[in-house]
Amino acid sequence: MKDYLPLIESGLAESMDAPGIPEKLRRSMEYTLKAGGKRIRPSMCLAACELAGSEAAVALPLACGVELIHTYSLIHDDLPSMDNDPMRRGRPSNHIVFGEAEAVLAGDALLTHAFEWMLSRGDITSPGYVRAALEIARGAGASGMVAGQSLDIEDGARTADELRRIDALKTGALIRAAIRAGAVAGGADEATVDALSRYAESYGLLFQITDDLIDASEGETGGYPSAIGTEETRALANQCASEALRALGGFGERAVFFRELTEKTLLRSE
Ligand code: GRG
């Protein structure tokens, strides 16, 4: 699978090399930004840009913006008022190390910095680039990821359909936006953007389902295994992977990254 990590890591390091950020805030932002995330969303953004026929570098500020936004969402998700999780990626969560107020601010700063970086580093005169940034704003915002989080923090057991609606927003919307943004910035036509959106929707669900299966294997309750049982959840994961791969049908070799990622994601919960 093509490795976009060196490009993404250097882009993220450069994005944090901005003047004027107070030292404690910078340490708090970097603590979670550089904590071993898999960088799936920015990799997908760059792969979509290449699939559309452009160089990955064209979409790099967008890819970094998506990862900055993802990082903010994790910091805020771990807060006591949200998921109240003291650990993230095997280390104490941001608010445990820096305190709750600073963690809120680190999230705020990462979210805002994402848009500053995307719009100051990208070529805003090129057709598609501003639309790509708008895709990311929509996917991250009040009708996207934040909508999903708002629905998710309501208490109560959920049916599989309710989970699907929440996850399509909470987890799926930013993944979909990352792919659409990369494709649009890379000059993709509407048919390509549509097919990649269908791929993203199936992949986003697959990603959440396999995350739930991993949690269930570690003894956690909730998500799809609690709603429909482990066997049905596995069957749903296989169905999502098939649908994702089908959406890539017309792209041939250009979609090899997305095919391999889908297969790897399906296998991660086995
Ligand atoms: C606070 C507005 C707001 C939103 C939070 C992303 C999110 C919404 C909550 C995280 C809850 C969670 C564990 C969701 C499961 C799927 C998921 C997003 C896992 C984490 O993403 P990875 O696996 O993380 O890409 P890494 O660590 O690789 O960056």
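Indexing begins at 1, ligand by ligand and atom by atom, following the structure's order. For reference, positions follow the sequence shown, starting with 1. What's counted below: heavy atoms across the whole structure, side chains too, no hydrogens, waters or symmetry copies.
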Query raised in the report: What are the atoms of ligand 1, with element, lying closer than 4.0 Å to any heavy atom of Ser73?
Result: 1 (C), 4 (C), 5 (C), 6 (C)

Requested in this report: Could you say whether the N/O atoms of Arg89 and ligand 1 ever approach to under 3.5 Å?
Outcome: yes

**Report entry** Contact (N/O only, under 3.5 Å) between Gln208 and ligand 1
**Finding:** no

Query raised in the report: Taking the inter-plane angle between the rings of Tyr199 and Tyr203 on a 0 to 90° scale, is it parallel (under 30°), tilted (30 to 60°) or perpendicular (over 60°)?
Result: parallel

Query - N/O donor-acceptor pair under 3.5 Å between Ser269 side chain and Thr210 backbone - result: no

Report task. Check each atom of ligand 1 against the heavy atoms of His76 and keep those under 4.0 Å away; list them by number with element. Result -> 1 (C)

Query raised in the report: Relative to the heavy atoms of Gly37, which atoms of ligand 1 are at a distance of less than 4.0 Å?
Result: 26 (P), 27 (O), 28 (O), 29 (O)

Query - Protein contact of atom 17 (C) of ligand 1 - nearest heavy atom, named by residue and atom, plus distance - result: Phe207 CE2, 3.9 Å

Query raised in the report: Any non-hydrogen atom of His70 lying under 4.0 Å from ligand 1?
Result: yes

Query raised in the report: Quick check: does Lys38 get an N/O under 3.5 Å from an N/O on ligand 1?
Result: yes

Report task. For Thr265 and Leu261, indicate whether the former's side chain and the latter's backbone hold a donor-acceptor pair under 3.5 Å. Result -> yes

**Report entry** Residues Glu135 and Arg131 bridged, charged N to O under 4.0 Å
**Finding:** yes

**Report entry** Numbered atoms of ligand 1 (with element) below 4.0 Å of Tyr72, judged on heavy atoms
**Finding:** 2 (C)

**Report entry** Sidechain-backbone polar pair: Ser93 side chain, Met87 backbone, donor-acceptor under 3.5 Å
**Finding:** yes

Query raised in the report: Does Arg121 reach the main-chain N or O of Leu60 with its side chain, forming a donor-acceptor pair under 3.5 Å?
Result: no

**Report entry** Flag, side chain of Ser150 to backbone of Val146, donor-acceptor distance under 3.5 Å
**Finding:** no

